[in-house]
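Written below as structure tokens is the structure these notes are about.
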Amino acid sequence: MESHSLSTSRPSVHDAASSFCAYFWRWVCVAAILAVCCDLGAPMLHAANLTNTTLTLSSNSVTAGTVVTFTAAVSNGSPVVTGLVTFCDAAAAFCLNGAMLGTAQLTPSGTAVIKFRPGIGSHTYKAVFSGTTTDLPSTSTTQSLTVTALGSLFATTTEISSSGSAGDYTLTGTVVGSGSRDLSPTGSVEFVDTTAGSTLGSAVLGAATLAQTLASPAAYATGTMPFPVAARDFNGDGILDLAVANWSGNTVSVLLGNSDGTFQTQVSYATDTSPCSLAVGDFNGDGKLDLALANTDSNTVSVLLGNGDGTFQAQVAYATGSTPQWVAVADFNGDGKPDLVVANNLENTVSVLLGNGDGTFLAGVTYATGDSAYSVAVGDFNGDGLFDLVVANFGANSASVLLGNGDGTFQTQVTYATGTNPYSIAVGDFNGDGISDLAVVNFTFETVSVLLGNGNGTFQTQVTYATGSQPYFVAVGDFDGDGNPDLAVTNIISDTVNLLLGNGDGTFQGPVAYAAGSAPIGIAVGDFNGDGIPDLAVANIISDTVSVLLNNITQTATAEISGISIPGAGEEHLVKAVYPGDTNFAASESGTISLTSTLTPTTRGQRQRRSRITTSMILSASPASNRDIGRQVTLKAKLSPSAVGNLTTGGETITFMDGAKTLGTGTLSSGVATLRMSRLAAGRYSLTAVYAGDTNFLASTSPAVHYTAPMRARPGPTKVPFTKR
């Protein structure tokens, strides 16, 4: 293989040509953009075509769990048939981290398609064509999508607690809704005395608090010693599947996903010897996903073309450098066809294999890295629209950055210090500035290094965060739903995966550990059960399994009612909280707690004493707005509670007031009293309803209802028609 090194002291002819080409194409892009945006007429250079990207959705309104087809079409006057389209959440400032829904290659029809299950809520999406050396980038207009709940989609649990003492209890109902980061339980909680068969009152739920946790892992069998794992939709049904490379088994396992976050039995395909990394792309432009695997002991990369139904063709192997550890996919020369880059561990290089667009690849060209290159990641680190490389150098305790020239070649590495024995790298925007940052796992140092990007291809000094024992892989996702990217790290010795929640400013909170499997190594992020929340899949090298850890987002809201007394004869009453549910969340009720009634037992003829029951009043006026003069207005007062156990109200008088002025009275019947009024004088009213109380129930006054009666319109002057003399 050709060894390619760029000198920094004396540029070669090839270097000069590469620099000129990169400059040339950049000027073409600038000229074309100026012509369009600034109305300067046709661009001076015509090598790159203006393009137009359109996005269509299979539906703009669906119920939760529905798979939506996203179709992007790119044209330059004729269909553009090569290039990458990225589908994005248009509400995000940048199409990075969780804002990227997926990518797809353009096909001979000039379209790129993905299928996706969006979460409940209102969304906007766009499609971004990356551009090539012959066709300029373009972005579609946004498309809206509304996803509604299908019945009571999200489960709830309700708990009750109390404080205070007999005659003056405060009751708190806590409702926990699971499964949504955008929706929370709403409505009221009712407190029920199950002993007396009566309602003590109700209270409205307050604002909810968001929390996150991972469920216990569900394990699925793989081949022998699974190493990396990838989550993509291999059979085109819009549901994520898994591909796992089995290092000792010399196979790749494909586990098709079910809609509920479970997976079918693996189907295995042969690879070369010791596959230890895999990447996914559409290498032949047929709209079907293919696999590429780096094979450590055979010094090859295996390419398995996909059939689009979840099955794959027999591998074709391509030579790499010595002991390839990692493979990644991107279009490095701008021809719209995916290429491969492989990190060669013993050779201290990366090999770049340019794709032909038909599923085959050219011979690799190598570039020097640091000692023991273990992994490679792709990103645009200097904002020039060209793909760059970053390599974790296990033996050099560093990360190498190789800026891309846009023609498939790369500049000489620049290294940055990491922790001891860096193994894997993830790229993300950790501080929300639209610039790619780095997260590097340090195997021996048991940390993850975060290097914030400056936007010009350079990076700031690392900041390290603790992980579990001997971390191996790192992945990025928004696991707690706060809009900030988080990190997930596998720990091979402690059998855990750590979540480090991001603060949004480039810093991270301390690790929270979750059980994974036996010796977890590989990790992938994806929404496996269609709830709009990213989950984790972890490959366990000793147990020969892949563990799926579903992410559980909870929304917790509370409702509280005070001054509660329990009527009775000094007895213990069992009380529960009942949540009736709402449009999105199912009903649930708590267990019971024991509360003491307020009626003291008699002793030797002594009179019984009891604390009266606290009440509340609600007043309403109908119609709510009285625009018609002389129209009848009905005032309705509701007393709560109106009956507790064998104690009831009925026949009592409710007084309706305007400030200190009495408007009239009504008689309570089943807890409701009404007053009908007509010819309400024009003006503004502050209406209340007053309950005087009785021997069992305390008095209460409703909150004021502000009401306006209109002024009677004055007759205007009579208009006399103008008559021409």
Side-chain angles (χ1 to χ4, degrees), residues 214-237 239-280 289-297 302 304 306-307 309-315 327 424 468 470 472-473 475 488-497 513-530 534-552:
L214 294 178
S216 297
Y220 299 86
T222 64
T224 307
M225 298 185 70
F227 209 80
V229 58
R232 295 293 291 270
D233 176 16
F234 297 122
N235 60 351
D237 62 356
I239 298 170
L240 288 180
D241 312 308
L242 300 178
V244 185
N246 304 303
W247 186 74
S248 183
N250 302 328
T251 60
V252 57
S253 297
V254 176
L255 295 82
L256 298 181
N258 302 311
S259 61
D260 58 357
T262 63
F263 290 84
Q264 300 174 32
T265 303
Q266 64 168 324
V267 176
S268 296
Y269 301 87
T271 66
D272 260 7
T273 309
S274 304
C276 65
S277 174
L278 65 83
V280 182
L289 293 180
D290 311 311
L291 297 176
L293 298 99
N295 305 301
T296 302
D297 291 338
S302 294
L304 291 80
N307 297 314
D309 58 359
T311 65
F312 291 85
Q313 300 174 32
Q315 66 155 336
V327 60
S424 72
Q470 294 193 346
Y472 231 81
F473 279 60
V489 179
T490 55
N491 306 295
I492 189 170
I493 298 300
S494 52
D495 295 338
T496 59
V497 58
Y514 298 89
S518 185
I521 290 191
I523 190 169
V525 177
D527 177 13
F528 302 134
N529 57 355
D535 309 305
L536 291 177
V538 178
N540 306 301
I541 196 168
I542 290 181
S543 57
D544 297 338
T545 60
V546 59
S547 296
V548 175
L549 291 79
L550 296 180
N551 194 7
N552 187 22

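Computed from heavy atoms alone, side chains included, the values below leave out hydrogens, waters and symmetry copies.
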Run Leu550 and Leu214 through side-chain contact (heavy atoms from CB on, under 4.5 Å) and show every step you take.
CA-CA 6 Å; Leu550 296 180; Leu214 294 178; over 6 Å; no

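- Each of Thr273, Asn250, Asp272, Asn295 was checked for a side chain to side chain donor-acceptor pair (under 3.5 Å) with Ser302, and the lone residue meeting it is Asn295.
- A donor-acceptor pair under 3.5 Å links the side-chain atoms of Asp241 to the main chain of Gly257, judged by distance alone.
- In terms of modelled atom types and a separation under 3.5 Å, the side chain of Asn258 and the main chain of Asp260 share no donor-acceptor contact.
- Within the 4.5 Å cutoff, side-chain heavy atoms of Pro226 are placed close to those of Asp544.
- A distance-only check finds no donor-acceptor pair linking the side chain of Thr490 to the backbone of Gly522 [under 3.5 Å].
- Under the 4.5 Å side-chain criterion, counting only non-hydrogen atoms from C-beta, Phe473 is not in contact with Val538.
- Shortest non-hydrogen contact noted between Ser248 and Met225 is CB-SD, 3.5 Å.
- When all heavy atoms are compared, the tightest approach of Cys276 to Trp247 is CB-CD1, 3.7 Å.
- One distance of note links OG1 of Thr271 with CG of Leu293; it measures 6.0 Å at 0.5 Å rounding.
- Between the CD1 atom of Ile521 and the CD atom of Gln470 there is a distance of 10.5 Å, given to the nearest 0.5 Å.
- Side-chain atoms of Val267 and Phe312, non-hydrogen and from C-beta on, never get closer than 4.5 Å to each other.
- Pro520 and Gly517 get closest at one heavy-atom pair: CD-O, 3.5 Å.
- In this structure, CG in Leu255 is found 9.0 Å from OH in Tyr220, a value given to the nearest 0.5 Å.
- Between atom CZ of residue Arg232 and atom CG of residue Leu242 there is a gap of 12.5 Å, rounded to the nearest 0.5 Å.
- Here the closest heavy-atom approach between residue Ala539 and residue Val229 is recorded as N-CG1, 4.3 Å.
- Using a 4.5 Å heavy-atom cutoff, the side chains of Asp233 and Ile239 are not in contact.
- Residues Ile523 and Ala488 share a closest heavy-atom pair of CD1-CB, 3.6 Å.
- For the atom pair OG1 of Thr311 and OH of Tyr269, the computed distance is 5.0 Å after rounding to the nearest 0.5 Å.
- Checking Ser518 against Asn540 by side-chain atom types alone, no donor-acceptor pair falls below 3.5 Å.
- Residue Ala524 comes nearest to Ala231 through the heavy atom pair CB-N, 4.0 Å, listed as atom of the first residue, atom of the second, then distance.
- Ring pair Phe263/Phe528 is perpendicular by interplanar angle, where above 60° counts as perpendicular and below 30° as parallel.
- Rounded to the nearest 0.5 angstrom, Asp527 CG and Leu240 CG are separated by 7.0 Å.
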